[in-house]
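In what follows, chains carry the letters A, B, and so on, assigned in the order in which the sequence lines appear, proteins first and then strands, with residues in each chain numbered from 1.
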Amino acid sequence: MSYAGIVVNNEALSMDRIFTYGIPQNLTVSVGQRVKVSFGQGNKRIDGFVMRVTDEAPEGVSRLKEIQSVYPETYFDEEQVAFIEVLREKYLASYLDVIKLLIPRGILSGMKYKTSEKLYFVKEAEGRYDKDQYRSILSYVKANQGKLIKADLSKAGFSVSSVNTLLKHGFLSVMSENEYRYNIEEYEEYKARNLNEEQLHAVEKIKSAPGTYLLHGITGSGKTEVFLELIRQNIEKGYDSIVLLPEISLTPQMIERFKGRFGKDITIFHSRLSDGERYDEWHRVKSGKVKIAIGARSALFLPFQNLRLVVIDEEHESTYKSEMNPKYNAREVAELMMEKQDGQLVLASATPSVESFHRAEKKEIELITLQNRATRSVLPSMEIVDMRDELMSGNRSIFSRTLLEKMKERLERKEQIILFLNRRGFSTFVSCRSCGYVFKCENCDISMTHHRDNSLMCHQCGARKYLPKTCPACQSKYIKQFGTGTEKVEESVRKFFPDARVMRMDRDTTRQKNSYELMYNDFKNNECDILIGTQMISKGLDFKDVTLVGVLAADLSLNMPDYRASEKTFQLITQVAGRAGRGDKPGEVIIQSYSPDNFAITSAQSHDYKGFYRREVEMRQALNNPPFSRLFYLVFTSEKEDLLIKNIQSIGGVLRKHLTKYDNMILLGPSPCIISKIKNNYRWQVLIKGEIHDEAALEIRNLIQQEMKPVYKDIKVSMDLNPNSMM
DNA sequence: AGCACGCCGACT
DNA sequence: GTCGGCGTGCTC
């Protein structure tokens, strides 16, 4: 008898292991297949996935059960089992979590192909069927062999019962065909452009050897053309390619470009697809019909057979890190995949992450630079406006006088304006309106958060102090809590320029399926003068008439309680500035700030990535932040606040003791999370910082699971290595 | 997670 | 005696 090692579809923590089932004589079972088994005392019928098949009987198993049935499809092969194991350990996830990445969503709920019954002509009318109505149907079907279904004939005015008669007597036949639900919209051909010398050099370099490359190209330097050429060459060799983009960059414009170049042998894979569409795209890849995938992070797991190229555009974007289990980072996973395949991973950005650039400096990955704009347009001129001066001169509005003046000018000249305000979800900080002083934690270099009892608290280490009545730096009384959103901007713009056509683009206004495209087209067709938006407008948009970009509050991202606040600010300003002056007319950017001397802002102003990077990396090193350390972020949640606090304190003690066995690993907290309660669940956090290698993280995970066993029903734990955000 | 087993108190 | 309430432990 053969045996199968099976991961069962049960989310429970203690079920995360491999169970052995017997394979009955009448079934053929192989690795990667989905099977039905009975499980537990109740013999509940559940699905499982085959991880291995052996002839050796399992040891120490008293009651061996047999597999009941097998599904036809195979979701992974033996090689990928090792990959599943690696991801499971690296991201502290379960088998099931990882397997779910590899199978299209909707599979577990039994998704099926959508089939359609296509009609075929068989023979000419004869005998008592030789009548006009039959002959016309037959000739119509003959002319459209295999293209029509009954509904089409009905629409064309034929009688469906006559069609049925012809089918019944063998004049017509039907064949059911799988119908793919992918997007078959029309697209214009996007011709290959001649690459300039820099671009050619980049292509040559990348294709010369397998490995990871960091493609650092200023905005407008034509990185996309480099990808397109690499993909073309890859296809020529019969290999597959994946291009990952942040969700917000999957603009119609970008999709047009890829489809226009490579036709329909491409899949666009993102979160807006329905389960059915996702299922179909997955099968198109699986069956080898598709050689290229463009998509968000999850596209990385499409079942390509010969994947040799992965491009991660805007590699600095945080969306490549999953917030859900497994909390994987697409950059790391892609690298693992390409190492195994001897393929190439291209990380591309105008503003590379500090982490990636640091790796390039250490020669772990190869740096390739594109220094010139591909088109003849020049980089926009950048001006910083000190908002403290505005306040002193009695201007309390969101707009500086300079910006207002420039806006007026553009409106008169019928040029377009983009106003950017990075009001992302949660953010509160306290700052002095007169001198720009921001209350920060002395230990952590992050902004302190204002609490209702009028205290300031550091949510990283738990330090607390009272909010003084006057600014510690300049004694002014103008201490204010900040918070302005795009809606308020829209209102102000309408007040200042009642005749201007204004559009606001953020998560609230683009919720509906086509709203993004509609707004995009309106703006493109000059049916709008001023576009106000969040991150969403910071990248990918290419409008030739935009000559002014206003960054309303550069400080918003700068004062986030996050060690990457400066990095994010530099990236955002640079990206959004890149929207200006893409056509013939030169662009101008106004950056409004209360801390105009901050190096993140001044470096962005002078288009100086290297300068920014140098300063930032020094600070990271001084504070032992990544990339010089790793962070391990643990969040404990419970509805029972007192139970949570009691347990978190003891966990804190146990952890602190455990960490003494490592050098250079410190524990911050326990402290309440920045968002201290979500949906009636109280949240406390612990942050471990230091040289946390994967094994140490696993050990810590196991220790915590052990410690939390008695209260596992009441307290949930989330663990994230190298988290994106710590809220 | 879900189910069975088993130990204990309350009640016919 | 016996019904059921929940704590404990196992699931190939």
Side-chain angles (χ1 to χ4, degrees), chain A residues 1-71 74-76 78 80-82 84-85 88-89 91-103 105-110 324-327 635-640 642-644 646-647 650 678-681 701-719:
Chain A
M1 184 157 185
S2 299
Y3 305 90
I6 286 174
V7 168
V8 292
N9 184 22
N10 184 323
E11 300 280 358
L13 191 65
S14 48
M15 298 299 94
D16 181 38
R17 54 201 177 96
I18 292 175
F19 292 92
T20 310
Y21 280 81
I23 302 175
Q25 293 296 320
N26 61 330
L27 289 184
T28 320
V29 174
S30 48
V31 168
Q33 274 186 304
R34 181 161 60 119
V35 295
K36 261 221 151 46
V37 294
S38 66
F39 187 72
Q41 280 107 322
N43 278 329
K44 205 179 159 196
R45 297 242 286 159
I46 55 170
D47 279 347
F49 293 91
V50 181
M51 302 298 281
R52 62 171 121 86
V53 174
T54 86
D55 288 330
E56 275 167 63
E59 277 172 52
V61 175
S62 52
R63 268 178 304 170
L64 187 96
K65 292 182 190 173
E66 292 193 347
I67 291 173
Q68 305 204 327
S69 62
V70 192
Y71 292 81
T74 302
Y75 296 105
F76 49 85
E78 270 160 68
Q80 279 171 299
V81 171
I84 292 171
E85 303 264 7
R88 174 174 175 264
E89 296 215 336
Y91 296 110
L92 308 169
S94 68
Y95 281 115
L96 207 57
D97 286 333
V98 182
I99 290 171
K100 280 181 176 171
L101 287 176
L102 298 176
I103 63 173
R105 209 170 47 219
I107 266 294
L108 292 171
S109 52
M324 289 190 316
N325 273 331
K327 298 186 176 76
V635 179
F636 298 75
T637 56
S638 175
E639 285 186 7
K640 298 173 184 167
D642 36 354
L643 184 81
L644 179 64
K646 197 175 124 240
N647 277 279
S650 80
I678 295 179
K679 287 181 189 164
N680 282 320
N681 274 289
R701 197 261 316 251
N702 296 339
L703 175 74
I704 284 168
Q705 279 178 359
Q706 193 63 38
E707 288 292 314
M708 297 304 283
K709 235 179 197 160
V711 287
Y712 81 101
K713 275 194 174 136
D714 288 315
I715 301 178
K716 302 274 173 262
V717 193
S718 145
M719 305 186 205

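- Residue A:N9 contributes atom CG, which lies 11 Å from atom C1' of B:dA1 at whole-angstrom precision.
- In this structure, the CG atom of A:L96 is 14 Å from the P atom of B:dA1, given to the nearest Å.
- Using modelled atom types, one finds a donor on one side chain and an acceptor on the other under 3.5 Å when comparing A:N43 with A:K65.
- For the pair A:F39 CZ and B:dA4 P, the computed distance is 14 Å after rounding to whole Å.
- Few gaps surround CD on A:Q68; more than 12 heavy atoms of other groups in view lie less than 6.0 Å from it.
- In summary, contact between chain A and DNA chain C, defined as any nucleotide atom under 4.0 Å from a heavy atom of the protein, begins and ends at C:dG9 to C:dC12 in the 5' to 3' direction.
- Distance A:I46 CD1 to B:dA1 C1': 10 Å, rounded to the nearest Å.
- Ring pair A:Y95/A:F49: centre-to-centre distance not below 6.0 Å.
- If you take CD of A:Q41 and P of B:dG6, they are 12 Å apart, rounded to a whole angstrom.
- Partners of A:Y3 by ring-ring contact (aromatic ring centres under 6.0 Å, His included), not counting sequence neighbours: none found.
- Under 3.5 Å, the side chains of A:D97 and A:Y91 contain no donor-acceptor pair of N or O atoms.
- More than 12 heavy atoms of other shown residues, nucleotides or ligands fall within 6.0 angstrom of atom CE in A:M1.
- Rounded to whole angstrom, the span from the CE atom of A:M15 across to the P atom of B:dG2 amounts to 12 Å.
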